[in-house]
Amino acid sequence: MKPKADNNEYSESEDFIRARIRSDLESGIEKPVTRFPPEPNGYLHIGHAKSICLNFGIAEEFGGECNLRFDDTNPSKEDIEYEEAIKEDVRWLGFDWENRIYYASDYFEQLYEYALQLIGEGKAYVDDLSAEEIREYRGTLSEPGRESPSRERSVEESLGLFQAMRNGDFDDGQYVLRAKIDMASGNMNMRDPVMYRIMKKPHPRTRDSWSIYPMYDWAHGQSDSIEGITHSLCTLEFEDHRPLYDWFIVQLGIYHSRQIEFARLNLSYTVLSKRNLMKLVSEGFVSGWDDPRMPTISGLRRRGYTPESIKDFCRKIGITKQDSVIDMELLEHSIREDLNRRAQRMMVVLDPLKVVIVNYPEGKEEELDAVNNPEDPSMGKRKVPFSRELFIERDDFMEDPPKKFYRLSPGSEVRLRYAYIVRCVGFERDPTTGEVTEVHCEYDPDTRGGSAPDGRKVRGTIHWVSAKSASRVTVRLYDRLFTVPNPMADKQREFTEFLNPDSLRILENCAAEPALGDCAGDINCQFERKGYFVLDSVDSVSGAPVFNRTVSLRDSWSRQSGGKVG
RNA sequence: UGGGGCAUCGUAUAAUGGCAGUACAGCGGACUCUGAAUCCGCUAGUCUAGGUUCGAAUCCUAGUGCCCCAGCCA
């Protein structure tokens, strides 16, 4: 089937960044070169996916290139574990940096030479003010700063001191190298920003060969320039840094990459900052960075999201400079749309209630045809066993049903999907708890396969599993991580106070079609009428599968009945 | 008058002086062996006030609101 993407909204119009690239292409540049520059200090999340799709997407669309660059300028926060996870996530999304993997740390020597150049030209100086003093001297948002006494230091002295900083002659914090710009600038970033700090810490890649490390502002633009990045795309909070980005490049007289800013992604009912995600992990609110409730790429992957659905989502949200919060339902729409097209259908009863077909012969078993995917006939059919004793969903039976309840209730008729039309003729309950323990039905042998030869209308069709051959599986139902759309909105309260206590429900005794009892690999399927599920890649063991609910099906019944269904 | 940015249905996003469109959500209907999917329809928007113009979301003026910046983090 042809996707309706041919003449839809996103192929017709271009965002402001693509428009700019197109115009730059017309006015001379050969091809766009972009980069995705994560710091290896945490796992990638859906917000990074937006940036990845933008940077790699532009390279694909315009015949350019996109580099993967690790912005590893702060060894106190970075770890090799993160680097590997990041590479895996980018690859999983379906992007390829080929041989273009770079590290800011590869440029440490070049950056050092550049610094020498600026010092030599009197545009940078070594400062001996303490961190606290630097802050005081910087002034405030509305008052200009004061110049450090070190500003008057001679070029020769700064050169010597800077070399000594590199040699490890000083302790952490004793000196910094600063750019000499303008302490009265309205832009705080231009008030003699720190370029290097002393940090006697081994670096994952350069080990102990450096005792000074460049700051972001000093490293990023120059790294872009060295790599010939034409368009350096970053988020809005760096707009204030652009004058500094440009200043360094102009002073150095090197290739001028251009920084362009766009709005970062915000998603409702979750948080999207490494700091806060880190807190959820380290304080045990979730099981790890890849907890299926996490908005990380690895969490979404384990939850059952596909790369296609994430890329589709990124295309739909667009690229602008407006602060916005995207509704989680749009992400859910993307995965439903993708999985509806490709997921194998299965019948699984999450909360089993026993049904006895009283007029069905004891010991008899037959195999019925079930469609694997009504959206895709090429996926074929499969056999499902049927017998006298079945399981149905507990909430598909009601002793005293409300209006418009199309499922089973005393005296009513319902279709067992792919099987027979049955009528409820009675039920049993536990005398002490009052809970319904068993439902009795009579089946109509003429309706084999679920058809009604007499043309009778049966509104309800429910899923079921033959009791004898059912596989016992564990199912984890996930719900939104937070109870409020924006957990960060309340400044008085910690965002963790808004964690949803019901974000995970574990169902140990679900009854599944036999085939699901022993399966392996990346299995995305739809449990009919319940949602899309994926075999958990971590906790499933052979013969004891665990399924994660990726997303429920849309459910207009629970909305209209106000009830919570499964 | 510290600096920088942003304002279009509930949420996003298009319209680059010429019919305010699309998607998600919501509501209603058709269809249905998934209360799914699909199809059809409906609701709903240009921050405010002036101005320019035959014509303004778009240009001008003045307001208002929101976001970011005072790390030796990125």
Side-chain angles (χ1 to χ4, degrees), chain A residues 8-10 12-15 19 37-39 41 71 73-74 76-77 127 129-131 134-136 138-145 172-173 175-178 184-191 193-199 213 215-217 219-220 234-243 261 263 268 274-275 316-327 329-334 336-337 340-341 345 347 371 374-375 404-407 415-419 421 447 449-452 458-463 485 526-531 552-561 565:
Chain A
N8 66 6
E9 76 276 13
Y10 36 76
E12 285 172 1
S13 63
E14 215 170 45
D15 58 68
E39 183 187 17
N41 69 342
D71 221 339
T73 57
N74 185 352
S76 71
K77 296 170 67 177
D127 197 349
L129 253 30
S130 69
I134 286 181
R135 188 182 346 115
E136 282 167 21
R138 187 152 31 224
T140 69
L141 292 178
S142 54
E143 298 160 27
D172 285 17
Y175 290 99
V176 291
L177 182 71
R178 292 229 257 170
S185 172
N187 182 344
M188 302 299 280
N189 296 116
M190 301 300 272
R191 319 243 263 227
V194 172
M195 296 164 64
Y196 277 98
R197 74 283 217 185
I198 298 171
M199 200 187 288
Y213 291 97
M215 298 289 289
Y216 165 86
D217 286 302
H220 204 93
C234 64
T235 45
L236 250 27
E237 65 269 28
F238 290 101
E239 279 180 315
D240 287 349
H241 295 243
R242 183 160 19 96
E261 311 85 10
S268 63
K274 276 189 199 167
R275 198 188 114 81
K316 283 177 167 143
I317 59 178
I319 299 290
T320 69
K321 299 191 71 150
Q322 300 173 39
D323 281 315
S324 62
V325 182
I326 307 288
D327 203 322
E329 298 192 78
L330 187 60
L331 216 210
E332 295 181 342
H333 169 75
S334 290
R336 284 194 184 106
E337 191 172 58
N340 176 51
R341 216 175 52 232
R345 312 285 120 128
M347 293 200 289
V371 173
E375 305 290 320
K404 293 204 175 168
F405 183 79
Y406 302 143
R407 287 113 95 146
R415 174 185 293 105
L416 296 176
R417 188 146 165 87
Y418 308 124
I421 293 173
T447 59
S451 59
V458 177
R459 278 307 292 264
T461 298
I462 65 175
H463 61 286
Q526 182 194 103
F527 293 178
E528 293 210 45
R529 301 208 304 136
K530 290 281 121 182
S552 66
L553 256 29
R554 274 172 57 102
D555 184 358
S556 58
W557 165 247
S558 84
R559 251 185 287 131
Q560 100 176 58
S561 66
V565 180

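In the text below, chain A, chain B and the rest are named by the order of the sequence lines, each starting its count at 1.
When the C1' atom is compared between B/rC39 and B/rC31, the two are found 8 Å apart, to the nearest whole Å. Remark: the separation of the C1' atoms in B/rU43 and B/rG71 is 49 Å, to the nearest Å. B/rC24 and B/rA56 are spaced 32 Å apart, taking the P atom of each and rounding to whole Å. Separating the P atom of B/rU58 from that of B/rU8 is a span of 13 Å, rounded to the nearest Å. As rounded to the nearest Å, B/rG18 and B/rG55 have C1' atoms that lie 7 Å from one another. As rounded to the nearest Å, B/rC69 and B/rG21 have C1' atoms that lie 37 Å from one another. Rounded to the nearest Å, the gap between the P atom of B/rG10 and that of B/rU46 is 8 Å. B/rA37 and B/rU32 have their C1' atoms separated by 9 Å, with the value rounded to a whole Å.
Across all their heavy atoms, A/Leu553 and A/Gln526 have their closest contact at CD1-NE2, 3.9 Å. Nearest heavy-atom pair across A/Met188 and A/Gly139 is CE-O, 4.0 Å. Shortest non-hydrogen contact noted between A/Arg178 and A/Val194 is CD-CG2, 4.0 Å. A/Thr73 and A/Ala219 make their closest contact through CG2-CB, 3.7 Å (heavy atoms, listed as atom of the first residue, atom of the second, distance). Closest of all the heavy-atom pairs between A/Arg191 and A/Thr140 is NH2-O, 2.7 Å.
Counting any heavy atom pair closer than 4.0 Å across all strands shown, A/Leu553 reaches a base atom. At the heavy-atom level, A/Ile317 lies under 4.0 Å from the strands shown only through sugar-phosphate atoms. Within the nucleic acid shown, A/Arg336 has no heavy atom closer than 4.0 Å to any nucleic acid atom. At the heavy-atom level, A/Val458 lies nowhere under 4.0 Å from the strands shown. If you check every strand for non-hydrogen atoms under 4.0 Å, A/Ser324 touches sugar and phosphate atoms only. As judged by a 4.0 angstrom heavy-atom cut-off over every strand, A/Glu261 is placed among residues making no nucleic acid contact. Counting any heavy atom pair closer than 4.0 Å across all strands shown, A/Phe405 reaches a base atom.
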Produce the list of close N/O pairs, under 3.5 Å, pairing protein atoms with atoms of nucleotides 71-74 of chain B; give distances to one decimal.
| unit_1 | atom_1 | unit_2 | atom_2 | d |
| --- | --- | --- | --- | --- |
| B/rG71 | OP2 | A/Arg138 | NH2 | 3.3 |
| B/rC72 | OP1 | A/Arg138 | NH2 | 3.1 |
| B/rC72 | OP2 | A/Arg138 | NH1 | 3.2 |
| B/rC72 | N4 | A/Leu129 | O | 3.1 |
| B/rC72 | N4 | A/Ala131 | N | 3.1 |
| B/rC72 | N4 | A/Gly173 | O | 3.1 |
| B/rC73 | OP2 | A/Arg197 | NE | 3.0 |
| B/rC73 | OP2 | A/Arg197 | NH2 | 2.9 |
| B/rC73 | O3' | A/Asn74 | ND2 | 3.4 |
| B/rC73 | O3' | A/Arg197 | NH2 | 3.2 |
| B/rC73 | O2' | A/Asn74 | ND2 | 3.1 |
| B/rC73 | O2' | A/Lys77 | NZ | 3.0 |
| B/rA74 | OP1 | A/Thr73 | OG1 | 2.7 |
| B/rA74 | OP1 | A/Arg197 | NH1 | 3.3 |
| B/rA74 | OP1 | A/Arg197 | NH2 | 2.9 |
| B/rA74 | OP2 | A/Tyr216 | N | 2.8 |
| B/rA74 | O3' | A/Asp71 | OD2 | 3.3 |
| B/rA74 | N6 | A/His241 | NE2 | 3.3 |

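Here B/rC39 presents its P atom at 10 Å from CD of A/Glu375, a figure rounded to the nearest Å. Note: CD (A/Gln526) to C1' (B/rA36) measures 6 Å, nearest angstrom. Put simply, NZ on A/Lys530 is 11 Å from C1' on B/rG35, counting in whole angstrom units. Atoms CD (A/Glu329) and P (B/rC24) sit 12 Å apart, rounded to a whole Å. Computed from coordinates, the A/Lys404 NZ to B/rG35 P distance equals 15 Å when rounded to whole Å. For the pair A/Met190 CE and B/rA70 C1', the computed distance is 16 Å after rounding to whole Å. As rounded to whole Å, 16 Å separates atom C1' of B/rU22 from atom CG of A/Asp15. Counting to the nearest Å, the P atom of B/rG35 and the CZ atom of A/Arg529 are 5 Å from each other.
A donor-acceptor pair shorter than 3.5 Å cannot be found between the side chains of A/Gln322 and A/Ser324.
More than 90° away from 0 lies the glycosidic angle of B/rG41, which makes this nucleotide anti.
Between A/Thr320 and B/rU13 there is a side-chain polar atom (N or O) within less than 4.0 angstrom of OP1 or OP2. When the side-chain nitrogen and oxygen atoms of A/Arg559 are compared with OP1 and OP2 of B/rC27, one or more of them lie within a distance under 4.0 Å. Under 4.0 angstrom from either OP1 or OP2 of B/rU34 there lies no side-chain N or O belonging to A/His463. Within the 4.0 Å cut-off from OP1 or OP2 of B/rA36, at least one side-chain nitrogen or oxygen of A/Ser556 is found. Regarding contacts with the backbone of B/rU32, every side-chain N or O of A/Arg417 stays at 4.0 angstrom or more from both OP1 and OP2. A close approach under 4.0 Å does not occur between any side-chain nitrogen or oxygen of A/Arg345 and OP1 or OP2 of B/rA36.
Every residue two or more places apart in sequence or in another chain that forms a ring-ring contact (aromatic ring centres under 6.0 Å, His included) with A/Tyr216 is listed here: A/His220, A/Phe238. Partners of A/Phe527 according to the ring-ring contact (aromatic ring centres under 6.0 Å, His included) rule, which considers only residues two or more places apart in sequence or in another chain, are A/Phe533, A/Phe547. Evaluation of the salt bridge (charged side-chain N to carboxylate O under 4.0 Å, His left out) rule for A/Arg529 yields A/Asp396 as partners, not counting sequence neighbours.
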### Task
Begin from the C-alpha positions of A/Leu331 and A/Ile326 and carry the test side-chain contact (heavy atoms from CB on, under 4.5 Å) through to its verdict.
CA-CA 9 Å; A/Leu331 216 210; A/Ile326 307 288; over 6 Å; no
### Query
Which dot-bracket string describes RNA chain B (Watson-Crick N1-N3 plus N6-O4 or O6-N4, or G-U N1-O2 and O6-N3, all under 3.5 Å; [ ] crossing; | other strand)?
.((((((..((((....[..)))).(((((.......)))))....(((((..]....))))))))))).....
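At a threshold of 4.0 Å, the pair A/Lys274-A/Glu39 does not count as salt-bridged, since none of the basic side-chain nitrogens sits closer than that to a carboxylate oxygen.
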### Query
For every nucleotide of nucleotides 4-9 of chain B, 5' to 3': is a protein heavy atom under 4.0 Å from its base (B), only from its sugar-phosphate (S), or from neither (-)?
SSSSS-
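Separation of atoms CG (A/Asn74) and CE (A/Met215) is listed at 8.5 Å; rounding is to 0.5 Å. Atom OG1 of A/Thr447 sits about 4.5 Å away from atom CD1 of A/Ile421, to the nearest 0.5 Å.
The backbone N or O of A/Asn187 lies less than 3.5 Å from a partner atom in the side chain of A/Ser185, making a donor-acceptor pair.
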